[in-house]
Amino acid sequence: MQEMTRLLLGLRAAGWDEKEINDFLLYIQTGEKQYEPQPKEKLAG
């Protein structure tokens, strides 16, 4: 359980919102493509 807590906190620290985190966990559990994370566009700079 401690690992899951670290995972969630790490994703939040990386800037993921709650929906992205939930969808990622659903993707890990189910393997359904609808929940697969999509790359974020990098900001020019």
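These numbers come from the heavy atoms of this one structure, side chains and all, not from hydrogens, waters or symmetry mates.
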Name each donor-acceptor pair under 3.5 Å that joins a side chain in residues 5-17 to protein atoms two or more places apart or in another chain, with its distance.
unit_1, atom_1, unit_2, atom_2, d
Thr5, OG1, Met1, O, 3.2
Arg12, NE, Glu18, OE2, 3.0
Arg12, NH2, Glu18, OE2, 3.4
Asp17, OD1, Lys19, N, 3.2
Asp17, OD1, Glu20, N, 2.8

For the residue pair Gln38 and Glu36, what are the closest heavy atoms and their distance? NE2-O, 3.2 Å

Would you say CD of Gln34 has more than 12 non-hydrogen atoms from neighbouring residues, nucleotides or ligands within 6.0 angstrom? yes

Would Met4 and Phe24 show up in the same hydrophobic cluster when neighbours are defined by side-chain heavy atoms closer than 4.5 Å? yes

To the nearest 0.5 Å, how far apart are OH in Tyr35 and CG in Leu25? 12.0 Å

